[in-house]
Amino acid sequence: MLELRGIKKSFGKIEVLHGVDLTVQAGEVHALLGENGAGKSTLMKILCGILKPSEGEIRIDGEARQFADYNEAIDAGIGVVFQEFSLVPYLNAVENMFLARELSNGLGFMKRAAMRKRAGGIMKQLGIAIPLGVPIRSLSVAEQQFVEIAKALALDARILVLDEPTATLTPAEVEHLFRVMRSLRAQGVAIIFISHHLEEIFEICDRITVLRDGEYVASCDVAEVDQSRLVEMMVGRRIENSFPPKPVIPADANVVLDVEEVQLAKGGPVSSFQLRAGEILGFAGLVGSGRTETALAMLGAYPAARCRLRMNGVEIRFADPSEALAAGIGLLPESRKEQGLITSFPILHNVSLNNYGKYLLGHFFINRSRELSDTRAAMQSVRVKAPNPHVRVDTLSGGNQQKVVIARWINHNMKVLIFDEPTRGIDVGAKTEIYQLMRDFTARGYSIIMISSELPEVIGMSDRVCVFRSGGIVATVEGDAITSEEVMTHATTGRTRHVA
Ligand SMILES: Nc1ncnc2c1ncn2[C@@H]1O[C@H](COP(=O)(O)OP(=O)(O)OP(=O)(O)O)[C@@H](O)[C@H]1O
Ligand SMILES: [Mg+2]
């Protein structure tokens, strides 16, 4: 049904796709796999007319096609859920879904009621209850993701591209999405699915195509490969899928943060915990269990009913995250958009952002060469794939943008880092490196709070785990007690301590 042949693409002098092939049949879910920066999103942007290929051919139902823009691709039956959200924040879900493609009657009036009904129908098909009438920016990241998906479905696409749709979804929501994908597949829709979660590939996909550094590697049936073979095809080498060894944290290690009480809402549960020097403290729990809010409350970024904490024994209160930053606590937020990347700036300035104090020479001069060498070192440590530190962040692949944020925090002189879903959108190879960096950081006596929905990551990386449920901590597990069963049991059946 869909055939891409010998697709090449250059940006300026740099060629990023070197002749890629992709064939997708009607009624199949086809995984497009590869490391961060392999060229997956670029290939999909070429398919839907947003980028022009330098060479190569697109065939749909045997006919060669060239799209001048995305609208022409939509008319040809192609719908795309982009990796970066493309929603307009101040419009509501219905307006976003029918943006620039409003249903109108003969006189050109938009049929508002009809669009609302259609939108409602699609949401129902997705099995998701989302308020349709409120501005998109007031929805959660997961809800926004579903609006993206609904938007593509509203186009009646015959070829549907999903670029990392599950990165922001909970397991239950992923199941919903898979049900919808199966029913679309049964209706003969061809689906191209991009994800760094390899379990998902085995669960939902029929065929795979692997790219590496812009080269076509191979295509085959999912049934023909196992996980380690898949990784080898993507990375070009074997990687042992292990976490760095956990250090022994002395019982008398300094308590860096002593959170005596946090209560997110009046009448809700009250939590307390301690963060010790040199440890990684995991925050586990289901999405919506209060992990992120509790972390934000500590930094003065969430209006909690109460919050009392001590840093190195001294009672302290942060009015906002910039005060926390000045005290040495850095936050890597969960949503890419809010990660404070200025995407039109070069990597260099993004890595040294808020960090100029470090490079001041006297009062007026900035030590540019030191800034540059630090940035190079930080980029190398997380393997940011970019020609040099001067390129704009918005020319990087999604996963590499995430790495820039991590590079920034590694470069800062922080004592405590709070990482919210640190490896979201990061490929298998780079994950191992980020885990090692986190350990290097704590080995210097610094501490990390790691909020993560990936159970293996929580188990493999945490020295202790606070398990959240319904807005508070229900249990803290450590040592050999850190197992999936233990954590899941607390997350789903634990009791919280309520104080009026
Ligand atoms: N507008 C652009 N200008 C210059 N280079 C670009 C541009 N867009 C993408 N690239 C480069 O093309 C390469 C492929 O990027 P692409 O976004 O397709 O990767 P990806 O496979 O989707 O990765 P990820 O898993 O991180 O999303 C990267 O090296 C990226 O830096
Ligand atoms: Mg991408």
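Indexing begins at 1, ligand by ligand and atom by atom, following the structure's order. All residue numbers in this chain count up from 1 along the given sequence. Predicted model only: the values in this text are computed from it and were never measured.
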Please answer whether the main-chain N or O of [Y] pairs with a side-chain N or O of [X] as donor and acceptor at a distance below 3.5 Å.
| X | Y | value |
| --- | --- | --- |
| His196 | Glu164 | no |
| Ser462 | Ile459 | no |
| Lys9 | Leu43 | no |
| Asp427 | Ala430 | yes |

inquiry  = So for Gly39, does at least one of its heavy atoms come nearer than 4.0 angstrom to any atom of ligand 1?
reply    =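 The answer is yes: ligand 1 sits under 4.0 Å from a heavy atom of Gly39.
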message = Taking a cutoff of less than 4.0 Å between a non-hydrogen atom of the residue and any ligand atom, is Glu164 in contact with ligand 1?
response =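 Glu164 counts as a contact of ligand 1 under the 4.0 Å cut-off.
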message = Taking N, O or S atoms only and a limit of 2.8 Å, check whether Ser41 reaches the Mg ion (ligand 2).
response =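 Of the N, O and S atoms in Ser41, at least one lies under 2.8 Å from the Mg ion (ligand 2), which means yes.
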request  = Using a cut-off of strictly less than 2.8 Å, determine whether Ser397 has an N/O/S atom near the Mg ion (ligand 2).
outcome  =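 No - counting backbone and side chain alike, Ser397 has no N, O or S atom under 2.8 Å.
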ask   = Applying the side chain to side chain donor-acceptor pair (under 3.5 Å) test to Thr23, which of Arg5, Arg207, Arg59, Glu28 qualifies?
value =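 The single option meeting the side chain to side chain donor-acceptor pair (under 3.5 Å) with Thr23 is Arg5.
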key: salt bridge (Lys or Arg N to Asp or Glu O under 4.0 Å) between Arg118 and Asp156, worked out   = CA-CA 12 Å; Arg118 183 84 208 287; Asp156 278 326; 3.5 Å; yes
Heavy atom of the protein closest to [atom] (residue, atom name, distance):
| atom | value |
| --- | --- |
| atom 12 (O) of ligand 1 | Val16 CG1, 3.4 Å |
| atom 1 (N) of ligand 1 | Phe11 CE2, 3.5 Å |
| atom 28 (C) of ligand 1 | Gly37 O, 3.9 Å |

request  = Using a strict 4.0 Å threshold on nitrogen-to-oxygen distance, state whether Glu433 and Lys403 make a salt bridge.
outcome  =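 Lys403 and Glu433: not salt-bridged.
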task = Would you give the length of the straight line joining atom CG of Leu296 to atom CD1 of Ile418, rounded to the nearest 0.5 angstrom?
result =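 Between Leu296 CG and Ile418 CD1, I get 8.0 Å after rounding to 0.5 Å.
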inquiry  = Could you go through Arg182 and Glu203, starting from their C-alpha distance and side-chain angles, then the distance that decides it, and tell me whether this counts as salt bridge (Lys or Arg N to Asp or Glu O under 4.0 Å)?
reply    = CA-CA 11 Å; Arg182 288 192 186 101; Glu203 184 176 345; 3.7 Å; yes
task = Please find out if less than 6.0 Å separates the ring center of Phe441 from that of Phe419.
result =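 Centroid distance Phe441-Phe419: not below 6.0 Å, so no.
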From the options [options], select the one whose nearest heavy atom is closest to [atom].
| atom | options | value |
| --- | --- | --- |
| atom 20 (P) of ligand 1 | Lys385, Gln402, Lys40 | Lys40 |
| atom 16 (P) of ligand 1 | Leu17, Ile14, Thr42 | Thr42 |
| atom 31 (O) of ligand 1 | Thr395, Leu43, Asn36 | Thr395 |

Enumerate the atoms of ligand 1 whose separation from the nearest heavy atom of [X] is less than 4.0 angstrom.
| X | result |
| --- | --- |
| Gln83 | 27 (O) |
| His196 | 25 (O) |
| Leu396 | 31 (O) |
| Gly399 | 24 (P), 26 (O), 27 (O) |

query = When you look for heavy atoms under 4.0 Å from ligand 1, do you find them on the side chain of Glu35, its backbone, both, or neither?
reply =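 The answer is the backbone.
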